[in-house]
Novice: 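Below: one structure in structure tokens.
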Amino acid sequence: MWAGTDRPRRTSGVARMSERDQDRDEQVGYDVHAVEAKWLPVWERLDPFRADDASPREKRYALTMFPYPSGDLHMGHAEVTALHDVIARYWWLRGYEVLNPMGWDSFGLPAENAAIRNNEHPATYTYANIETQAASFKRYAVAFDWSRRLHTSDPEYYRWTQWLFLKFRERGLAYRKDSPVNWCPNDQTVLANEQVVDGRCERCGAEVTKRELNQWYFKITEYAQELLDDLDALAPTWPDRVVTAQRNWIGRSEGAHVTFTVRTESGDRDLEVYTTRPDTLYGATFMVVAADAPLAAELVTEAQRPAYEAYLAETRKASDIDRLSTDRPKTGVDLGVTAINPVNGEEIAVWASDYVLADYGTGAIMAVPAHDQRDLDFAKAMGLPVRRVVDTGEPNPEETYQATTGDGVYVNSGPLDGLTDKVAGIRTIIERLESEGRGSGAVNFRLRDWLLSRQRYWGCPIPVIHCETCGEVAVPEDQLPVELPELRGADLKPKGVSPLAAAEDWVNVDCPQCGGPAKRDSDTMDTFVDSSWYFLRYCSPHDDTQAFDPEQVNAWMPCDIYVGGVEHAVLHLLYARFFTKVLADMGLLDFREPFAAQLNQGVVINQGKKMSKSLGNGVNLGAQLEEFGVDAVRLTLVFAGPPEDNIDWADVSPAGSLRFLQRAWRLSGDVTSTPGVSAEKGDVALRRVTHRTVHDAAELVESKRFNVMVARVMELVNATRKAIDSGCGPADPAVREAAEAVAVLLSLVAPYTAEEMWDRLGHEPSVARTTWPVVDETLLVEDSVTAVVQVKGKVRARLEVSPDISEADLEAAALADDAVQRALDGATVRKVIVRAPKLVNIVV
RNA sequence: GCCCCGGUAGUCCAACGGCAGAGACAAUGGUCUCAAACACCAUCCAGUGUGGGUUCGAAUCCCACCCGGGGCACCA
């Protein structure tokens with residue numbers, strides 16, 4: 001059944017008996033820690049999972065999100081790697097060359113904060129934790145290729161992060177601009193939009209405020225449409241929630257740009273707005289400009305300027321939390337100017353308010369209060385007119401102050417009057433605007449450019465020099481990496497500007513262009529930049545001439561599976577997709593999506609709640625491993641339920657898992673046939689179970705139903721046990737076949753137990769690199785099946801029939817059955833549904 | 001408010017539109033034991049959130065609602 005290596009283990013039957021007795025003694029104390037200690041060094045020596053770039057085998061790339069080095073591994077790491085490992089190990093057994101690397105996302109704030117507290121260097125904390133986690137991963141027996149290990153905080157790595165930044169900058173995709181940005185007062189740094197959750201810093205929970213700063217951005221918006229479109233192709237193999245989260249985040253909308261003319265004190269000028277409802281243009285009764293947009297200051301009359309500036313000052317003070325609350329009363333100020341509606345020439349007031357966002361669309365809107373609740377609230381608060389232009393049959397919003405947004409008949413809308421088709425209404429208005437040069441159809445995205453600069457130390461320095469005469473100058477590529485200066489302890493204290501700015505020796509340099517005095521850019525990059533390309537680096541991790549070897553990358557990528565937490569649904573995954581597309585446009589990659597398939601594991605919780613120190617419900621991974629062993633913990637996590645479901649540690653039983661592993665292990669000691677014996681003449685009933693299990697297990701792994709796969713292996717163990725104790729007996733070759741199948745299948749989840757079984761069954765290590773058992777298709781066909789006969793939907797009889805019985809024969813057999821005849825009780829048979837060979841339903 | 005995903009024994013979970021149970025936890029009884037633990041054997045347990053519909057037949061497909069989880073949300 002296997003093409004693996006065989007080694008005769010035992011010679012005489014007499015010896016066998018005594019050894020079996022010995023085994024029984026061992027059973028009492030199946031010492032998981034001894035088994036772990038036995039195999040760990042063997043695997044270290046065999047290095048069975050090193051990916052060979054030159055292998056002729058088909059390549060597979062199994063990636064798991066690399067960890068941040070905070071302390072030791074915890075339950076979350078244990079879960080994600082256990083799930084991931086099932087796939088990687090399965091692929092090895094199926095004959096693929098598998099790239100399964102691991103590394104560390106080792107720049108970031110926790111290390112910096114720890115360094116400040118303990119007057120240390122962040123690297124001390126970081127690299128100590130990495131060593132701890134690496135040792136734990138090895139003990140945890142994940143099938144990683146350790147030769148490809150990387151850390152994003154190594155200069156050999158971040159040199160290439162800097163190189164990529166420069167390439168992006170050359171293409172106009174990294175640029176600086178002044179803009180109001182999210183500021184975390186606690187971490188003393190700016191944050192990307194994606195890192196602000198409900199107005200709070202996603203890391204520390206502090207309320208985010210706005211600051212007007214000059215910052216670096218990646219132009220991810222240039223790829224908005226492609227990032228959205230390509231989700232369609234990913235939808236079948238990516239989790240729904242990730243795809244929808246990304247769609248929502250990108251937030252495409254269709255509508256129109258409409259140009260109004262504004263009468264300002266310095267003459268007429270155009271004011272462009274974006275709207276998704278150009279068909280309601282006749283209902284625009286005023287306009288609103290974002291109070292904090294430069295536009296508002298340009299439009300306001302001298303008479304209104306003091307009022308406007310007072311309002312603006314008020315707005316600036318409000319935190320994001322306040323701004324985000326939707327039930328806040330509308331506020332605003334009249335700018336004193338009027339605008340002319342391009343379709344009906346009507347003159348309407350122009351206001352400024354904070355309910356219009358400066359950085360979305362054009363920063364100005366046309367207000368149609370009858371059909372937009374926000375505009376209606378504003379109109380009500382300010383006493384502005386409301387005019388219904390779509391009659392939906394609902395009460396008039398002018399009276400009810402309930403905006404109507406549905407379809408209806410156009411009224412008060414000139415050429416649209418009487419029309420009911422919204423799509424036609426939109427088209428008509430856009431055509432008219434286009435013909436008059438006052439607008440056009442337009443698309444807008446919610447996605448903003450990616451703010452990448454951070455005012456902190458422990459990150460990748462931005463390789464740019466600011467020169468008084470030459471301006472912004474890129475650090476020449478041959479001078480990369482720009483290494484971080486040695487700072488520690490108090491030097492790292494957040495002061496609102498990067499700690500690097502105070503490192504005089506480091507920050508003051510000669511301009512690479514003119515040689516004059518210049519300063520380095522003192523910000524560092526968002527750590528999401530580091531993680532946007534690490535999966536490429538794994539393909540050629542030791543290449544010191546380039547960020548990655550395109551030939552290797554194109555051979556291994558895209559990743560066949562990416563396993564990780566759903567918390568990265570938009571952040572990391574969107575950024576990594578963006579990087580991939582840019583690098584493809586640079587001609588370095590021949591694919592445009594980095595991750596072909598994805599799996600998001602659930603969260604390990606306890607007693608219905610997230611584990612936390614304050615609740616005191618944390619489950620310590622190390623203690624669990626100590627008590628039950630690596631295999632039992634891994635098995636528990638994989639068996640608990642579907643991979644994406646949360647696992648409540650109170651609902652699962654590592655003790656039960658250990659019990660099962662012992663049962664499986666015991667099989668290997670009971671087998672008395674010799675390795676390599678042909679199973680052909682073995683017990684057919686057991687062989688059927690074995691081959692059916694192996695067959696189904698493959699399908700179950702491929703469809704990621706690992707919990708069901710484990711259940712099927714348990715079934716096989718139970719069947720083998722029965723065969724040994726009360727069936728064909730331990731000498732039957734089918735028992736060996738079954739036990740060997742258990743070892744191989746179990747190696748996906750419980751590598752130590754599987755290796756020990758494999759050894760006891762007389763094979764050389766490692767079971768992880770043997771081949772998947774070959775399924776004998778003939779054993780999958782049952783020689784008889786149970787057909788159910790229903791009368792009026794109720795089961796009345798069961799017939800043992802041949803699996804290839806004809807429908808006519810089955811129907812005849814069913815009608816001939818006594819029990820069926822009794823149930824029919826002479827009633828007229830109206831219809832007989834036959835689904836050979838499993839079912840007959842008789843309708844009377 | 002809008003959009004996704006999910007509700008099956010006491011618990012966690014299975015079930016191509018075809019006998020609701022693969023597997024496990026817990027419980028109960030037994031075997032072993034001086035006893036207990038471990039181990040082993042056996043037993044117990046739901047008609048699938050609610051209400052309609054489609055069908056010969058629905059946990060499964062459709063509609064509405066309820067509950068839970070997630071995403072978006074002053075994005076015009």
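Letters A, B, ... mirror the listed sequences (proteins, then strands); counts begin at 1.
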Novice: What's the gap between B:rC38 and B:rG57 when it is taken at their C1' atoms, as a whole Å value?
Specialist: 48 Å
Novice: Under the salt bridge (charged side-chain N to carboxylate O under 4.0 Å, His left out) test, which residues partner A:D804, sequence neighbours left out?
Specialist: none
Novice: What's the gap between B:rC61 and B:rU54 when it is taken at their C1' atoms, as a whole Å value?
Specialist: 8 Å
Novice: Heavy-atom distance under 4.5 Å between the side chains of A:L746 and A:V713, does that happen here?
Specialist: yes
Novice: Counting the atoms with a prime plus P, OP1 and OP2 as sugar-phosphate, which does A:V843 contact under 4.0 Å by heavy atoms, base, sugar-phosphate, or nothing?
Specialist: sugar-phosphate
Novice: Could you check which of B:rG23, B:rG18, B:rC4 has an atom nearest any side-chain atom of A:L839?
Specialist: B:rG18
Novice: Applying a 4.0 Å non-hydrogen cut-off, can you work out what A:Q373 is touching in the nucleic acid: base, sugar-phosphate, or nothing?
Specialist: nothing
Novice: If the C1' atom of B:rG10 is compared with that of B:rC3, how far apart are they to the nearest Å?
Specialist: 35 Å
Novice: With P as the reference atom in both, quote the distance from B:rC67 to B:rA26 in angstrom, rounded to an integer.
Specialist: 34 Å
Novice: Quickly work out the A:N600 CG to B:rC5 C1' distance and round it to whole Å.
Specialist: 13 Å
Novice: In which stems does RNA chain B show up, taking only runs of three or more Watson-Crick or G-U wobble pairs whose two distances fall under 3.5 Å?
Specialist: B:1-7 with B:66-72, B:10-12 with B:23-25, B:27-31 with B:39-43, B:49-53 with B:61-65
Novice: Please walk me through it: do A:R705 and A:S703 pass side chain to side chain donor-acceptor pair (under 3.5 Å)?
Specialist: CA-CA 6 Å; A:R705 290 184 293 162; A:S703 55; 3.3 Å; yes
Novice: Categorize A:R835 for me: base, sugar-phosphate, or nothing, with a 4.0 angstrom heavy-atom threshold over every strand shown.
Specialist: base
Novice: Mind checking side-chain hydrogen bond (donor to acceptor under 3.5 Å, both in side chains) for A:N444 and listing every partner two or more places apart, or none if nothing turns up?
Specialist: none
Novice: If we take the P atom in both B:rG71 and B:rA64, what is their distance in whole Å?
Specialist: 24 Å
Novice: Rounding to the closest angstrom, what is the interatomic distance between B:rC56 and B:rA15 at atom P?
Specialist: 27 Å
Novice: Should the pair A:R247-A:D232 be classified as a salt bridge under the 4.0 Å nitrogen-to-oxygen rule?
Specialist: yes
Novice: With a 4.5 Å cut-off on side-chain heavy atoms, are A:T362 and A:Y360 touching?
Specialist: no
Novice: Applying ring pair (Phe, Tyr, Trp, His ring centres under 6.0 Å) to A:W450 and A:Y575, what does each step give before you reach the verdict?
Specialist: CA-CA 9 Å; A:W450 172 10; A:Y575 297 149; 3.6 Å; yes
Novice: Could you tell me whether A:D696 and A:R692 have a side-chain N and a carboxylate O separated by less than 4.0 Å?
Specialist: yes
Novice: Identify which nucleotide among B:rG23, B:rA22, B:rA76 has an atom closest to any side-chain atom of A:R712, counting heavy atoms from C-beta outward.
Specialist: B:rA22
Novice: For A:S806, check side-chain hydrogen bond (donor to acceptor under 3.5 Å, both in side chains) against everything at least two apart and list the hits.
Specialist: A:D809
Novice: Reckon A:S657 touches a base, only the sugar-phosphate, or nothing at all at heavy-atom distances under 4.0 Å?
Specialist: nothing
Novice: Report, one pair per line, the protein and nucleotides 39-41 of chain B atoms (nitrogen or oxygen only) whose separation is under 3.5 Å.
Specialist:
| residue | atom | partner | partner atom | Å |
| --- | --- | --- | --- | --- |
| B:rA39 | OP1 | A:R659 | NE | 3.4 |
| B:rC40 | OP1 | A:R663 | NH1 | 3.3 |

Novice: With 3.5 Å as the limit, what N/O pairs link the protein to nucleotides 13-17 of chain B?
Specialist:
| residue | atom | partner | partner atom | Å |
| --- | --- | --- | --- | --- |
| B:rC13 | O3' | A:N707 | ND2 | 3.3 |
| B:rA14 | OP1 | A:N707 | ND2 | 3.3 |
| B:rA15 | OP1 | A:R705 | NH1 | 2.7 |

Novice: What is the nucleic acid contact for A:D359, judged by heavy atoms within less than 4.0 Å: base, sugar-phosphate only, or nothing?
Specialist: nothing
Novice: Ignoring the backbone of A:T244, work out which of B:rC4, B:rC72, B:rA76 is nearest its side chain.
Specialist: B:rC4
Novice: Quick test of your reading of the model: are A:R721 and A:D670 salt-bridged, counting only N-O distances below 4.0 Å?
Specialist: yes
Novice: OP1 or OP2 of B:rA24 sitting under 4.0 Å from any side-chain N/O of A:N718?
Specialist: yes
Novice: Is any side-chain N or O of A:N841 under 3.5 Å from a base N or O of B:rC56, one able to act as donor and the other as acceptor?
Specialist: yes
Novice: 5'-most contact on RNA chain B: A:A364 or A:G656, nearest heavy atom basis?
Specialist: A:G656
Novice: With side chains defined as the heavy atoms from C-beta onward, is the minimum distance between A:E644 and A:R241 less than 4.5 Å?
Specialist: yes
Novice: When you get a sec, tell me which of B:rC25, B:rC12, B:rA22 is the closest nucleotide to the side chain of A:D651?
Specialist: B:rC12
Novice: Rounded to the nearest Å, what distance is computed from the CG atom of residue A:D372 to the P atom of nucleotide B:rG1?
Specialist: 17 Å
Novice: So which of A:D279, A:T405, A:T404 actually passes side-chain hydrogen bond (donor to acceptor under 3.5 Å, both in side chains) with A:H371?
Specialist: A:T404
Novice: Which of the following nucleotides, B:rC74, B:rG18, B:rC56, is nearest to the side chain of A:Q790?
Specialist: B:rG18
Novice: Which is more 5' along RNA chain B, the nucleotide nearest A:T786 or the one nearest A:T276? Just name the residue.
Specialist: A:T786
Novice: For nucleotides B:rC16 and B:rC65, find the distance between their C1' atoms and express it as a whole number of Å.
Specialist: 30 Å
Novice: At less than 4.0 Å, is any side-chain N or O atom of A:Y355 found next to OP1 or OP2 of B:rA76? Yes or no.
Specialist: no
Novice: Nearest 0.5 Å, what's the OG1-CD distance between A:T392 and A:E394?
Specialist: 3.5 Å
Novice: Look at A:R252 together with A:E254 and state whether they make a salt bridge at an N to O cut-off of under 4.0 Å.
Specialist: yes
Novice: Using a cut-off of 4.0 Å on non-hydrogen atoms, how would the nucleic acid contact of A:R692 be classed: base, sugar-phosphate, or nothing?
Specialist: nothing
Novice: B:rG68 P sits how many Å from A:E644 CD, rounded?
Specialist: 22 Å
Novice: For nucleotides B:rG53 and B:rU48, find the distance between their P atoms and express it as a whole number of Å.
Specialist: 16 Å
